[in-house]
Enquirer: 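Could you have a look at this structure, given as structure tokens, before my questions?
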Amino acid sequence: MSEHNLRNKVAIVTGASKGLGKAIAIALGSAGASIALVSRDSERLKSVMEELNNAGGNARVFVADVSGEKQVRQLERDVLAAFHAVHILVNNAGMNLRKDLVDFTLEEWRTVLDTNLTSVFLMCRSIVPHIKGRGYGRIINLCSIMGHVSIAGRSAYSASKSALLGLTRALALELAAKSITMNSISPGPFATEMNTSLGFLVRAKRPSSIRPGRNRNV
């Protein structure tokens with residue numbers, strides 16, 4: 001990403017306190033965008049904000065659970081009050097529970113789907129109206145290779161990510177005529193906090209030992 005090609009753009013990144021969300025926020029900030037950092041973890045968000053701002057960026061912290069309707073509406077108001085515009089939305093917030101389907105409680109199942117799927121619906125419903133009419137808009141949904149293939153013990157996660165691919169395809173068509181491009185990215189396994197419990201990632205010493213992810217554009 002070339003330096004400063006996103007100057008005067010405002011980006012919202014959910015799940016920005018760690019892992020891929022943090023990396024995406026730093027990359028967008030290094031390209032000149034102002035960043036609304038969103039997560040439930042205020043202390044980690046503050047650390048990411050300091051890293052960005054110390055490098056000359058413009059980032060602010062917004063603590064919110066994006067699976068909750070009222071919190072997303074408040075986030076919408078707070079971000080607009082702080083930045084007065086939004087051009088880019090990265091829906092990265094997500095979670096995974098690894099267990100057999102018969103061992104899931106209904107609450108656990110709903111928590112995974114609400115975090116990975118419903119949060120994207122809520123964020124897009126709130127933020128898309130503020131991106132429209134600017135002649136430029138980008139929405140990126142972090143899906144997963146598990147939305148295309150799966151393994152045992154990933155029923156809720158795979159279901160949520162497969163549904164997110166469908167949501168991305170449909171909304172991309174809705175927004176194309178409004179100068180808003182919507183894409184999904186389907187990474188493979190990265191050694192992030194979500195995945196460090198997986199033995200092969202913990203043992204991996206070289207980047208080449210982790211298979212690269214696959215992108216899916218719509």
Side-chain angles (χ1 to χ4, degrees), residues 1-42 44-64 66 71-94 119-143 164 167-187 213 215-218:
M1 187 177 292
S2 60
E3 188 177 5
H4 302 311
N5 64 352
L6 295 178
R7 184 171 289 175
N8 300 320
K9 299 293 190 297
V10 176
I12 299 175
V13 182
T14 69
S17 62
K18 59 186 178 181
L20 294 180
K22 176 182 176 180
I24 290 167
I26 290 173
L28 291 171
S30 69
S34 297
I35 311 296
L37 302 165
V38 182
S39 170
R40 295 175 296 179
D41 192 327
S42 61
R44 286 193 180 217
L45 281 181
K46 289 176 184 176
S47 177
V48 178
M49 179 186 69
E50 290 172 359
E51 183 174 347
L52 278 163
N53 291 346
N54 288 340
N58 178 25
R60 300 192 191 185
V61 165
F62 299 87
V63 179
V66 293
Q71 292 194 48
V72 169
R73 287 301 192 190
Q74 185 61 52
L75 173 64
E76 173 191 356
R77 291 189 290 268
D78 292 344
V79 170
L80 267 293
F83 291 110
H84 311 292
V86 180
H87 305 88
I88 301 166
L89 171 61
V90 180
N91 290 303
N92 169 75
S119 67
V120 178
F121 156 69
L122 293 172
M123 288 297 298
C124 288
R125 189 182 65 174
S126 279
I127 301 304
V128 163
H130 303 288
I131 301 178
K132 287 180 180 178
R134 298 187 180 278
Y136 175 97
R138 300 290 185 269
I139 301 175
I140 300 173
N141 295 331
L142 267 292
C143 291
L164 184 54
L167 172 61
T168 302
R169 294 185 185 107
L171 191 52
L173 295 174
E174 290 182 27
L175 298 178
K178 300 175 176 62
S179 301
I180 300 174
T181 300
M182 189 168 196
N183 291 297
S184 64
I185 301 174
S186 295
N215 291 348
R216 182 178 183 88
N217 296 321
V218 295

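Along the sequence shown, the residues carry numbers beginning at 1.
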Enquirer: If we check side chain to side chain contact (heavy atoms under 4.5 Å, CB included) with Val90, which of these qualifies: Ile35, Ile24, Ile185?
Expert: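 Among Ile35, Ile24, Ile185, the one meeting side chain to side chain contact (heavy atoms under 4.5 Å, CB included) with Val90 is Ile24.
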Enquirer: Supply the atom-to-atom distance Lys9 NZ to Phe83 CZ, rounded to the nearest 0.5 angstrom.
Expert: 15.0 Å
Enquirer: Can you check whether Val10's main-chain N or O pairs, donor with acceptor, with His87's side chain at less than 3.5 Å?
Expert: yes
Enquirer: Between Arg134 (side chain) and His130 (backbone), is there a donor-acceptor pair under 3.5 Å?
Expert: yes
Enquirer: Please confirm whether Arg138 makes a cation-pi placement over Tyr136, using NZ or CZ under 6.0 Å from the six-membered ring centre and within 45° of the ring normal.
Expert: yes
Enquirer: Is there a donor-acceptor pair under 3.5 Å between the side chain of Thr14 and the backbone N or O of Ala93?
Expert: yes
Enquirer: Would you sort out whether Val66 and Gln71 count as a side chain to side chain contact (heavy atoms under 4.5 Å, CB included), showing the intermediate values?
Expert: CA-CA 7 Å; Val66 293; Gln71 292 194 48; over 6 Å; no
Enquirer: Less than 4.5 Å apart, side chain to side chain, heavy atoms only: is that true for Arg125 and Glu76?
Expert: no
Enquirer: For Ile139 and Cys124, which heavy atoms make the closest approach, and how far apart are they?
Expert: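 Here Ile139 and Cys124 meet closest at CG2-SG, 4.4 Å.
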Enquirer: Do Arg44 and Ser39 get their side chains close enough for a donor-acceptor pair, meaning under 3.5 Å?
Expert: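 No, no side-chain donor-acceptor pair sits under 3.5 Å.
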Enquirer: Closest approach of Ala82 and Arg60, non-hydrogen atoms and distance?
Expert: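 Nearest heavy atoms, Ala82 then Arg60: CB-NH1, 3.4 Å.
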Enquirer: If you measure from CG on Leu37 to CG on Leu45, what distance do you get to the nearest 0.5 Å?
Expert: 6.0 Å
Enquirer: Does the side chain to side chain contact (heavy atoms under 4.5 Å, CB included) test come out yes or no for Val86 and Leu80, once each step is laid out?
Expert: CA-CA 7 Å; Val86 180; Leu80 267 293; 4.0 Å; yes
Enquirer: Test your reading of the model: is there a side-chain donor-acceptor pair from Asn92 to the backbone of Leu142, 3.5 Å cut-off?
Expert: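 Not at all, since once roles are kept as given, no pair shorter than 3.5 Å links the two residues.
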Enquirer: Hey, could you give me the CD1/CD1 distance between Ile127 and Ile88, rounded to the nearest 0.5 Å?
Expert: 13.0 Å
Enquirer: Would Val128 and Leu175 satisfy side chain to side chain contact (heavy atoms under 4.5 Å, CB included), going step by step from the backbone distance to the final call?
Expert: CA-CA 9 Å; Val128 163; Leu175 298 178; 3.7 Å; yes
Enquirer: How long is the straight-line distance from CG of Asn58 back to CZ of Arg7, given to the nearest 0.5 Å?
Expert: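 Atom-to-atom, Arg7:CZ and Asn58:CG are 12.0 Å apart.
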Enquirer: Which heavy atom in Leu167 sits nearest to a heavy atom in Phe121, and how many Å separate them?
Expert: CD2-N, 4.3 Å
Enquirer: Do Val13 and Val38 have side chains that approach each other closer than 4.5 Å (heavy atoms only, starting at C-beta)?
Expert: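 No. Closest side-chain heavy atoms not under 4.5 Å.
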Enquirer: Apply side chain to side chain contact (heavy atoms under 4.5 Å, CB included) to the pair Ile180 and Lys132, showing each step before the final yes or no.
Expert: CA-CA 7 Å; Ile180 300 174; Lys132 287 180 180 178; 3.9 Å; yes
Enquirer: For a quick test of reading the model, state the closest non-hydrogen atom pair linking Gly137 to Ile131 and the distance between them.
Expert: CA-CG2, 3.5 Å
Enquirer: Looking at every non-hydrogen atom in both residues, tell me the closest pair between Val48 and Ser17 and how far apart they are.
Expert: CG2-O, 3.8 Å
Enquirer: Taking atom CE of Met123 and atom CG of Leu75, what is their separation to the nearest 0.5 Å?
Expert: 5.0 Å
Enquirer: Mind checking the CG-CD1 spacing from Leu28 to Ile140? Nearest 0.5 Å is all I need.
Expert: 7.0 Å
Enquirer: Of all the heavy-atom pairs spanning Leu52 and Ala25, show the shortest one and how long it is.
Expert: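 Closest approach of Leu52 to Ala25, heavy atoms only: CD2-O, 3.8 Å.
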Enquirer: Could you check whether any side-chain N or O of Asn53 sits under 3.5 Å from a backbone N or O of Ala59, counting only pairs where one atom can act as donor and the other as acceptor?
Expert: yes
Enquirer: Okay, side chain of Ser30, backbone of Ala27: is any donor-acceptor separation there less than 3.5 Å?
Expert: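 Yes, because the side chain of Ser30 sits within donor-acceptor range (under 3.5 Å) of the backbone of Ala27.
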